[in-house]
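Below is one structure; the comments refer to it alone.
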There are 2 protein chains.
Amino acid sequence: MEILTPAEENYLKTIFKLTESDGGKAASTNAIAAVLGTAAASVTDMLKRLSAKGLLHYEKHRGASLTERGNELATNLVRRHRLWETFLVMKLGFSWDAVHDIAEQLEHVQSSELVERLDAFLDRPKFDPHGDPIPDTKGRMASRKQVQLSALAVGEKAVVVGVQESQASFLQYLDRVQISLGAALQVLEQFDYDGSMRVAVQGKDEYTFSQKVCENLYVQKTK
Amino acid sequence: MEILTPAEENYLKTIFKLTESDGGKAASTNAIAAVLGTAAASVTDMLKRLSAKGLLHYEKHRGASLTERGNELATNLVRRHRLWETFLVMKLGFSWDAVHDIAEQLEHVQSSELVERLDAFLDRPKFDPHGDPIPDTKGRMASRKQVQLSALAVGEKAVVVGVQESQASFLQYLDRVQISLGAALQVLEQFDYDGSMRVAVQGKDEYTFSQKVCENLYVQKTK
DNA sequence: ATGTTTTTTTAGGCTTGGCTAAAAATATTT
DNA sequence: AAATATTTTTAGCCAAGCCTAAAAAAACAT
Ligand SMILES: [Mn+2]
Ligand SMILES: [Mn+2]
Ligand SMILES: [Mn+2]
Ligand SMILES: [Mn+2]
């Protein structure tokens with residue numbers, strides 16, 4: 001089993017997420033560069049190397065997509081990231097907006113035994129603190145029929161099950177308005193003008209959420 | 001607070017241990033190279049760089065010793081290493097011979113908040129699974145009046161409190177002869193010929209330990 | 001279809017942290 | 001005090017991963 005450098009792993013994970021969210025299409029050089037915060041030229045460099053290692057398909061000017069093997073490795077990295085985030089929140093008491101950067105480091109520790117024991121220690125969690133599913137050893141993960149809050153109609157009730165983007169600033173905003181995973185909502189009103197919504201949060205106040213917020217919140221309908 | 005690379009941190013830690021065990025004398029290029037498994041030339045290179053950063057005193061041909069600042073950083077790295085080892089044994093159920101290599105990776109994760117919370121989660125342990133003291137945030141650590149088992153006279157009783165070298169092979173040997181931290185011993189016989197000792201282990205069998213074993217076991221005398 | 005803009009690649013360079021081989025300095029024998 | 005052996009440094013090289021600037025390709029507009 002080949003050992004990858006942290007940089008290589010990060011490229012795989014980035015391509016994994018880009019292609020996943022964009023329905024299987026190849027990830028563009030610029031998109032990868034934007035996510036990783038590197039120059040596009042550096043990305044081209046790395047794509048050649050990872051392609052030579054058989055981890056991704058790459059043809060000049062038409063972006064990259066993962067091979068079977070690349071996908072396995074990327075999925076496993078996602079598994080490690082989400083397990084560490086879960087550990088940091090559940091065991092060390094971090095808040096959900098503080099764990100991403102630390103997990104970015106911890107995910108690169110190489111030891112399958114460690115990951116396995118961590119998983120067991122956490123009672124094999126299915127979702128991370130942001131509601132994202134944690135792949136198992138074989139790469140399988142729970143899927144949930146979640147929709148964006150913005151997709152609900154007036155009157156519908158739902159429970160918050162995840163966030164689309166988990167930057168600290170968004171998570172801190174959610175904390176401020178007392179929204180966490182599991183929060184029960186009902187849509188009271190929807191404004192076509194700017195896509196904002198007035199929402200009742202069970203046991204809390206009513207809030208008007210901007211379109212951006214509504215699109216970043218994943219919910220599951222309830223009756 | 002400067003951020004060091006894993007390589008830089010490892011050099012500091014190595015020099016820390018070499019100078020500590022050798023009573024404050026400078027660490028030689030070759031000794032450092034031997035511990036790190038690198039070529040001597042690479043060490044010379046790094047010593048120049050770390051010296052330029054003010055982390056160690058280095059003069060050509062006369063080895064290296066840590067500055068105040070270098071010592072602080074090295075001590076903090078040792079703290080992280082030993083806390084992670086403790087975590088792996090106490091929380092994840094690893095055996096004491098399996099944790100060193102993983103801790104070598106975990107120790108480089110940069111987050112003082114993480115270390116602080118880990119310390120609290122473990123109930124601020126004073127010693128790691130090998131009996132080595134864990135420095136606190138300020139670098140202070142418990143010291144114990146421990147002696148090598150080889151220093152005991154026939155008839156004396158003692159309790160095992162640590163090991164000098166904690167390579168897996170030695171720890172596995174100890175497991176085989178059912179010695180762990182806290183084991184109560186009594187010296188039955190000592191052979192001048194090869195420095196070996198016959199020892200009674202409370203509740204277990206009697207064993208004859210080689211000089212090498214006796215020098216690598218730290219004990220505290222009891223009556 | 002041609003020109004313009006955007007994206008991607010190439011070319012050349014830099015730092016880190018390694019290496020080997022040869023030279024120089026230090027230590028040990030004789 | 002030489003001669004020899006050991007240790008350390010220098011010199012020159014390399015790969016990974018980044019960079020900027022320029023060239024080339026692709027996409028978009030007119
Ligand atoms: Mn994350
Ligand atoms: Mn997450
Ligand atoms: Mn260790
Ligand atoms: Mn230890």
Check for me whether R144(B) meets the cation-pi criterion with F127(B), that is, NZ or CZ under 6.0 Å from the six-membered ring centre and within 45 degrees of the ring axis.
yes
Whole angstroms only, please: what is the CD-P distance between E8(B) and dG18(C)?
10 Å
Please classify the nucleic acid contact of S42(A) as base, sugar-phosphate, or nothing, using heavy-atom distances under 4.0 Å.
base
Please report whether the ring centroid of H100(A) lies less than 6.0 Å from that of H130(A).
no
Does a donor on one side chain and an acceptor on the other come within less than 3.5 Å for D97(A) and S95(A)?
yes
Report which part of the nucleic acid A7(B) touches: base, sugar-phosphate, or nothing (heavy-atom distance under 4.0 Å, all strands).
sugar-phosphate
Counting the atoms with a prime plus P, OP1 and OP2 as sugar-phosphate, which does T38(B) contact under 4.0 Å by heavy atoms, base, sugar-phosphate, or nothing?
sugar-phosphate
Please name the residue in the list E107(B), E9(B), E116(B) that meets the salt bridge (charged side-chain N to carboxylate O under 4.0 Å, His left out) test with R80(B).
E9(B)
Note: for M46(B) and A41(B) on DNA chain C, the residue whose nearest nucleotide lies more 5' is M46(B)
Neighbours of DNA chain D within residues 51-63 of chain B, by heavy-atom distance under 4.0 Å
Y58(B), K60(B), H61(B)
Where does the chain A footprint on DNA chain D start and end, counting 5' to 3' with a 4.0 Å heavy-atom cut-off?
dA16(D) to dA26(D)
Around atom CZ of R124(A), are there more than 12 heavy atoms of other residues, nucleotides or ligands at under 6.0 Å?
yes
When you measure from the side-chain N and O atoms of N30(A) to the phosphate of dT8(C), is any distance below 4.0 Å, counting only OP1 and OP2?
yes
Would you say the rings of F87(A) and F87(B) are close, in the sense that their centroids are separated by under 6.0 Å?
yes
When we call it a touch if two heavy atoms are under 4.0 Å apart, what does T44(B) touch: a base, just sugar-phosphate, or nothing?
base
Where is the tightest heavy-atom contact between A26(A) and S65(A), given as atom of each residue plus distance?
CA-CB, 4.4 Å
Using the six-membered ring of F121(B), assess whether NZ or CZ of K91(B) lies under 6.0 Å from its centre and within 45 degrees of the ring axis.
yes
Side chains of N10(B) and H108(B): donor-acceptor distance under 3.5 Å anywhere?
yes
Roughly, in whole Å, what's the span from CG in D45(A) to P in dG12(C)?
14 Å
